Each structure stands twice: as C-alpha cells, then as structure tokens.
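One structure is given below, encoded as structure tokens.
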Amino acid sequence: MKNSLVLWLLVGWVGYFILPWYLLEDGLFAFDWLFDGYPFDEDYSPAFIQVFSTDKAWLLPLVISLLLPLKALTLKKSDRAYASYLICSGSLGLAYLVIQGFAIGVSGWQFSLFANYFLDSEFNQYGMGYGALLYGLSMLMLLTTGLAARGVMKGDVFVTSSIGLIIAIVTVFVFYPVSQVLISAFQDNQGAFSSASFIDKFFDEKIWGLGCTTRSVSCGIAWNSLTLALLTATITTGLGLAFALIVTRTGFIWKKQLRLLTVLPIITPPFVIGLALILLFGRSGVVTEFFADLFGLEASRWLYGLPGVLFAQVLSFTPISFLVLIGVVEGVSPSMEEASQTLRADRWNTFKNVSLPLMRPGLANAFLLSFIESMADFGNPMVLGGNFEVLSTEIFFAIVGAQNDQGYAAVLAILLLAFTLSAFFAQRIWLGKKSYVTVSGKADSGAHMGLNPMLKMSCYSIALPWALLTLVIYGMIMFGGFVKSWGYDHSFTMQHYEDAFALNWTELGLVWQGAAWDSFWTTLSISAIAAPLTAAVGLLTAYLLVRQSFKWKSGFEFGTMLSFAIPGTVIGISYILAFNVPPLELTGTGVILIICFVFRNMPVGVRGGIAAMSQLDKSLDEASLTLGANSFSTFRNVILPLLRPAIIAALTYSFVRAITSVSAVIFLVSADHNMATSYIIGLVENGEFGIAIAYCSVLILVMLSVILAINLLVGERKLRRSNRLSNAIKKNSNAPLKLKEAE
Amino acid sequence: MHNLATDLGVNIKMKKSPLITSMAIALLATSASTGALAKGKLNVLCSADTDWCSLMETRFEQETGVKVSLIRKSSGEGYAQLRAESKNPKIDVWWGGTGDPHLQAAKENLTQAYRAKELPNLLAWAQNQSLVSDNRTVGIYAGALGFGYNKNLIKKKGLPIPQCWKDLADPVYKGEVQIANPNSSGTAYTALATFVQLFGEEDSFEYLAELHKNVSQYTKSGSAPIKAAARGETAIGIVFMHDIMKQVKKGFPLKIVAPCEGTGYEVGSMSIVKGARHLKEAKMWAEFALRPDIQSLAQSVNAFQVPSNQASSIPAEAPNFDELKLIDYDFAKYGSVATRRHLLQRWDDEIKSLAR
C-alpha cells in the first residue's frame, strides 16, 4: 500500500517542481513550451521556480505539504502519526491551493478584504495548469490515504480515494458552477441580494397560472412542464418495456434491426425530428393533406403544442428507456420464473407477479430518466411548442431573449430542479428497500420463458407501428438531404452534401473544403474523449453507491444526479461564469466541453450502473474478497465483466449525447472548438434546412457505426449456461464463474 | 536544461495513451503550420448569417494576414456570452446582429468606444447608433420590418391581400398570422416598439389585442413566422423584410408587404469588446467592415439588408428606404431597460393572457 503512497507523492513533486504550474495559452495538448524557454520563461515555469524568478512567494507554502509526508513514509502504517501526517498535509495543501487560487487573480487581489491588509497589489496570476492539477490530485490522494489509515471505509484505500475523488470533481464541476448561477435567483435587477424579488418571481402568475382549466388561455409553465414530463415518462417507459420484451422474450425475426431502429432517435440531432414531424403532420404536411382531402376536413394545427411536443419527445426518449430496460429485462433470472411456473402459475401471472416486480429498478430508472430528459428537453418544445411554453425554453429565452433576466432564469432553474429532485425521491420511495438480486452466481437453467400470447400481441401491436413510424420519419430525413428545398421543391440535388462535405485534391494535398468538416472533427474527437471518461466516472460512482455503505451516502448520490437535472442552458451559463476566470480558466478550450459532457452525462452511467449492479448478488464480491482479492481487483475482474450492458449503455449514451446536445453547448463553443449542433442550429435559424439535414444524416450514420463498434468491442455479458460453458470459462477464469461450475 | 525537457517529454509520453500522444503531435503540427503565416490574431463573434460571417472571415484573412477565429451566435446568445465573460473577455469584436443588445452592451460598459475613419461617410441611422452609445457601437446595416404572406394559401382560402398593419387585425385572418414572442425575440420587440411609436401606446395595445385573436402562435425565434409561412403552416408572418426576401430567393411562394402606415427598422451593429486582447486587429476589422467595397459583398451571400456606408451598393432586392415611410425610431428610448421592461410587462399582462 505504501507503494501507491510514494507514487502519489511523486505526482505531487512532479507537479510542483517540474511541470509548468500555470495554464498554457495554447491549450493542454500543445507542447510548444518544451522548446520555448522552459523552465525559466515566466509563462512556463514550475511553481518552485516561479517563487523566485517572478516573486510569486505565495506559492512557497505549498511545498510544506510535499515534505511532511516524507516523515510519514518512515512510520508504520498502524502508527496513528502516519495517518495524522497524511491527513494534515493533504488537507492543508488542498485548502491552501484553493484559497490562493481564489484570492489572487488576473488583476491581483480578488477580495477587497485582503487588499486592505496587503496594499501592494502589483502581483497577479493566471489559471491553473498541469502542475497545479497534479499537485491538487496528489494532495487529495494523500488526504484519502490518511483517512483510510484512520480506518475510514474499513481502511480500504481504493474505496476511500474513489469517494474522495468523486466528491472533489463533482464539487468543482457541478456544485461550484451551479451555485454561481443559482445565487442570482436571490438578486434583484441591480445585483443586490433580496429574498423579496425571489418570492415575487417564484410565485408569478406566468409560472403557476391555472387559467387553462377554465378559459382558453395558456396555463403556467410549471404545470405545462410537469404534465408533459409525466406523460412522456409514462409512455416512453411503456414503449421501452414493450421493445425490451420483444427483443429478449419473443422469437421475433428482426430483433437486431429492431434494436438498431430504437436506437435511431437518440442519435438524431435536435430539431430534426420536430421538422420531420411538421412535414408529415403539420398543417401542410403530407399525411395531414392526405386525410384532409380524403375526409374533406379542414387541416388543423394540432401538432403545435402539447400533442406535438409529446409526440416528438416520445419518439426521442423511448430509446433511452429501452437502453435502460434491456439490461434489466435480460438480467431477470429464469429460475425465479421457473419456480413460479412450477407452482402452477400461468405465464401471465408469472409475468405480472414475478418478472415485472423484479424489473422495478429498471422501470423506475427508465421513468426517472425520461422524466428528467423531458423536463430538460429544449429542441422539441422549441420547434413544436407553439404557445405551449415549458420551463426549459423559458429559461433559455430569459437569458438570451429580449428580457435578459438572469434572475428569472435562475428562479425557473430552481423550480425545474425541484421537480426533477422530487421525481428522484419519489422513485427512491417506490423502490424501497426491497431486494432485486437475480444474478446470484448460482446455477440456473438459462432459458427465459416466452411471453403469454396476449401480452406478446399487445407488445407487437404497440411497438411495431411505432417502429414503422420511426422508419418513415427517418426516411423523410434522409430524403430531405437530397432535395432542393425540403417540403417545397423536391427535385434531386447533391448540392447540400457538396456544400457540407466537399473534399478536394490540390497540389497541397487533401483539402477539407466542405463547410462542415471543421465542426465535424471537433465534435467527433471531443465526444470520443468524453465517452469513456463518462462511463468510467459513472460506473465507479454506481459501484460506490450500491456496494459500499458510508455516511451521507444519499447526499453523495444526490450530488452525482444533480447535473442531469439542471437544464443545459443553466449549466452552460454557469460554466462560463465559473470557469472564465482563474483559478480554473477553461473557456475557449476543448477541455471545458469535455468536462461539461462528462458531468452532464455521468448520471446516466450512474443510473444504468446502479440498475444493473443491484441485480448482482453481493456474494459474488464476497467470494472474490474471501479469496484474497482487494476491492479494486474485485471491481475490475468480477463486477465490470458482469456490467457489460451497463458499460455499453453508458459509452453509447455519453458519446451520442455529446454529439447531439445543444443547450449547454451553445454557450461553451468557441471559434476553435465549434460543435456540430451549434453549427446546425445556425443553419436551421438561417433556414438552410438542406445542409442541416445533410449534416445530420452524416452524423446519424457515424453514430450508428460507432454504436455497432462499441457493441462489438465490449461484447456480450455471459450469464447463462447456453453461452457459459463454451466461451466464458475459457476466456474468463475468474473466481465466481468457476465456483459455479464446481457446484 | 534540454535534458530536463527531454526527460519530461518521455514522462508525458509514458503517461498518455498512444491516441492522445498522436493527437498532441497532430495538434502541434497544425499549430506550427498556421503559426508561420499568422500576423496577429482576432476573435470575432458574428451574429449575422453563417454565409455572411464566413465571407467576412476569409476576406479579412486574405487582405490582412490576421488569423481570424470566428464563432457564430445569435445576438441574444452573443450578448449573454459577453456579459458572462466580462471579467476576462475572450472575444475582441462583435460584428452583426440587431442593434438593441449592442446598445445594452454599450450601456453596461461591456464594449469600448472607437471612431472609425469611415464614420462621417455612414448613413444617418448608422451614425446615430454611434451617437447614442458614445461611439461604443456603430451601424453596419439596416433592415425594415414588414410582413409576408403565402400567395398560394391566401388564394386557396380566398382571403383579401393585406396591405396595412391594421388589415392584419381583420377577423378574416383568424388563426392565420404569426409573430414571435417579444419576450424572446428582438424582432418581435422591434415590432412592439414600432406599433407604440406609430399608433401611440394605448392604441397600439388595443390593436395588439385585436391582432391577438388572429395570431395562431407566438414563436420563439424572430424569423420563424416567415419560415412557417413559406411551408404553408401559416398564411402571414410578421418579420424583417430581408428575412422574407431570403425565403423568396429559395423559391417559396411568398410576397413582401411594406405596411401602408409606415414601419420601424433594426440597425445591425458592430462593437469592439472592452478589454479586447487583440485591440489593434479589432480596430483593423472595424475599419474593414465599414468600407463600401466590403459592405457591397453582402448581397453575394443573399444578405439583403441596406448597408450603412453611403458609397456601398444597395442590393436590388433590398427594400427601398425612401419609399418605406420609415418611422423616426427612437433607439435610445425603446432600447432602454426601463421602457423595455414596461412594454414587455404590459404585453404579458394585457395581450398574452387574453383569451382567444
């Protein structure tokens, strides 16, 4: 264990003495500094040299925390002083790092309080870079190692450090920025604090009005959002379950295709579904005109408003609940169902009383995710909302609209947060403390029972027309990229693809001539970096939540879910407010986008991981631990392989979300790091539907192939006898599976 | 010292995966290649159409050799970004977008004063923009408000052709008019302020209440009504005329109407951000953007606004400002926070909450 301590200490030393302490202007991945005056150039020197060469004396005390632990290395681990040294140096180092970072900014002292004591304000510093990053990480690890030595988490260093790390990053990248923007809810228009203005704004008629129940005016936006989210969540969970059942429990021939089809809407950039729906069902839509002619009806605008938004959201979010549910439905142990059938229950009763209750974590998580997604959705209400106003669009326009009222936006954000959090707690209560363990490591027969005919027919009759509709919509979209003017002039053209993706060979080599290439490559690389990070952070968190018990666990869980419940617009603004100035100066870089995606999408990894993990019997871990493995290798070799569906879901989802998300991104993109969606919005605003759709079609194809690749790479989870004997044992000679065979 | 550096290089390579290392090398290569050519840098926030933005970008780069990093955001988003970044601005110059947010930015001290050489050669409304903001912003183009109707739909429904603002309140158009919500759209706020200046506040709210019965939806985005009209989702959309022209150019069956009572207009503006890191280049851009030969290029990318320099050529498709009966739009008054809050509040209370 001391090895890892030495390693972390070394990291701190490298950060302090060797790497450039401050942010490099050219970004984290530029290495110009190596050849450009390092280590004595003011911009590139490590902290230790800065102390002397540029008179940044306030960096000197940091060295204390690097020296103290040396003393600890000479002590035995059981010695109380060992832990004390580590805790002391770690917490001191961290605290001092943070304080000096906030106290001294680009223009000197940041707090007038300090400035009075130190009149000399000639000094300043920029954002933290490599060195500070490693130093901070090292301090955190010293602290958690010390705590573990004190007996926290039964002395498990891995678990303690993981918890410490996750708390630290969630604090920095979720709580800190969000608090910046929420504070403005309590400020009046001049920036002074007043709780009266909060109350005024919060109880506004615009938010809570119930006029729509009696007269033909629109209701308060709070009610609109709530109704929409509840309806969407209910319908998508039902549809998702129907799809999951068809794929896992029936002999349906096009399962694979169905699986792909349900994934389609999730990989569709926003606005596109809305536009396609308008062309089909709008007042001059194809379908509308057909029926209007047939029955001689007056074409109506039913699509604009609640029905249209609901329609589009159900199309967009069914795949999410499907992705969450499929792992859970697969995981339900056949032996339970067999037991039920042996006891003479028919298939319907077995499904109703055994399988369905065992799927509760999946259902609850699917419902929760759709609910939150619907609340935070921005693209669909934007295109189809009509006079139906919801919180997410109101927040956006409170910030960027003619009002420019950040306080009102913050009030609405708090409200939205309150809704999503209540959903979160309601879900917890509904799940209760029951056990949903079905993957126990004990032998079972392997074959899931089929669905009873009635249920099968209803699944088919719900899911298949839906699948057909999805197909038609995607046909429309693909078609839109090849016609001159979508919905008006349908003569064939390749012009849109040429404009977006032209390539040219010149004497200089390949020239990426199309207008879209720039944002296309940025989008892909940023999403590709963000996806595995998201999955890793999410699953680690899930592991801690399900498998470890510690004080304040529900607070911890709440914290990790928070970023998902906050609308993207608020996240975007809060990131600019928090990370545009030192100590963490990230705006304008690609890093801020990556971080934003990781923390926005992490909750999906967490939810998926929790749902899957609560099915795994704890005896699997215990077996591994009993056999002498530590908690890290148990996580790595036992839990992770059994979590493959959750990993796939997290990877896919975060990759795709990074490509398709809009509202947060609008504020974070910069000239050098432009994302596809913000580029597409520009096109849509401009009415250039052709190029926008061509671009979307290409993105859809790319995402599809990536999803297939992820599925192939991560592989399937081997749970049951049918596939267990032949492959799993040979490949994976881990403790629990072998144990099963020994039985 | 070189030893240290190479040590470090090795260290870094060992820590990162091959993918990241190769990406780093690729990035290094690209930055080296562009670095050789660049004669300075400039970060531009562009709130005009994408095509126009990139035209300006390439033209400026070709002419000056300055490396331009340009990001396109709507004027509301741009203004929100400037505010959020005010302590440490990343943008140097903000070009294009409707004038109100530029004036607000000027008022909040987010932008800095600059008098371009071309200023005396600009049209009156553009100079006025500079005057009311203490030279913190200047007009680069103007667009007049109007409405457009879908020829086919009007004919099919047998509706009369609307000529005036007051026509739109006629019950025959019930459910056939769209305009944006002035809370979210600068275009619709310009319309609101125009009505108030044309008819007086009380009469204009009476008019809006009548109009409300005909409006099928208040869209979020300012130009959405005319796009809906283009595709036959509504018959009439109230927007800026150049937005209608753009749809007409795409072949949609729309007709532009210059309302008989007269109309208001927007002044697309340009501001240099306070604390710009590349001030010299920002000033170069400001001079460049006001030059007649540069302004005359706009029509090649279907931007049919009226350019602000007297010597610029006016696109044939642009509305003729002399024939429009433009009102004497009071930008200082109707751009001020107090008036804006008052009008929007009134609109919310008296119009939005009306039953249909």
Side-chain angles (χ1 to χ4, degrees), chain A residues 14 18-19 26-27 29-32 34-35 38-40 106 205-206 209 211 215-217 278-279 282-284 301 304 382 385-387 393 397 399-404 484-485 487-489 515 525 573 576-577 580-581 585 587-588 666-667 669-672 674 679 682-683 685-688, chain B residues 1 4-5 8-9 11-12 20 23-24 27-28 31 43-44 49-51 54 69-74 76-77 79-81 84-85 87-88 90 100 104 175 181-186 188-189 216-218 220-221 223 227 230-234 246-247 250-252 340 344 348 353-356:
Chain A
V14 169
I18 301 182
L19 288 180
D26 302 327
F29 297 120
F31 290 94
D32 292 4
L34 278 177
F35 319 103
Y38 173 85
F40 290 112
V106 180
E205 177 75 4
K206 269 200 287 190
R215 298 177 302 144
S216 64
V217 294
I278 290 180
L279 293 188
R283 193 193 187 198
S284 311
R301 281 196 198 82
Y304 299 96
M382 178 86 181
N387 296 320
T393 48
F397 285 106
I399 291 175
V400 309
Q403 280 178 313
N404 285 307
K484 263 212 181 104
S485 177
Y488 180 67
D489 178 359
S525 48
I573 285 287
I576 297 193
L577 287 177
N580 186 52
V581 285
E585 202 183 328
T587 46
I666 291 179
F667 295 97
V669 291
S670 49
D672 298 331
N674 200 0
Y679 185 77
L683 293 171
E685 272 175 11
N686 206 355
E688 307 271 359
Chain B
M1 280 312 112
L4 243 179
L8 210 61
N11 263 341
I12 286 164
I20 293 192
M23 271 179 50
L27 279 171
L28 189 66
S31 64
N43 294 317
V44 180
D49 290 343
T50 321
D51 291 345
S54 45
S69 290
L70 181 139
I71 183 79
R72 196 215 156 265
K73 284 180 188 188
S74 78
E77 289 157 18
Y79 171 59
Q81 179 175 359
E85 287 186 355
K87 279 186 196 155
N88 189 11
K90 300 282 158 73
D100 276 351
Q104 272 171 290
N181 184 331
N183 282 306
S184 65
S185 148
Y189 179 75
S216 67
Q217 55 169 298
Y218 294 100
K220 293 287 179 195
S221 136
S223 63
K227 287 172 201 155
R231 293 192 153 71
E233 297 293 308
T234 186
K246 213 156 55 191
Q247 300 295 325
K250 282 193 189 127
F252 288 107
R340 175 186 296 269
L344 289 176
D348 266 341
S353 56
L354 278 182
R356 253 180 278 253

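Computed from a predicted structure; not experimentally measured. In what follows, every chain begins at residue 1, and chains take the letters A, B, ... in the order their sequences are listed.
- Here the closest non-hydrogen pair linking Glu233(B) and Arg283(A) is OE1-N, 2.9 Å.
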**Asked** Run the side chain to side chain contact (heavy atoms under 4.5 Å, CB included) check on Arg72(B) and Asn674(A) step by step: do they pass?
**Response** CA-CA 9 Å; Arg72(B) 196 215 156 265; Asn674(A) 200 0; over 6 Å; no
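- Heavy atoms closer than 4.5 Å to chain A are found in both the backbone and the side chain of Thr234(B).
- Arg231(B) places none of its side-chain heavy atoms less than 4.5 Å from the side chain of Ile278(A).
- Proximity of a side-chain donor or acceptor of Gln217(B) to a complementary backbone N or O of Asn387(A) within less than 3.5 Å is not detected.
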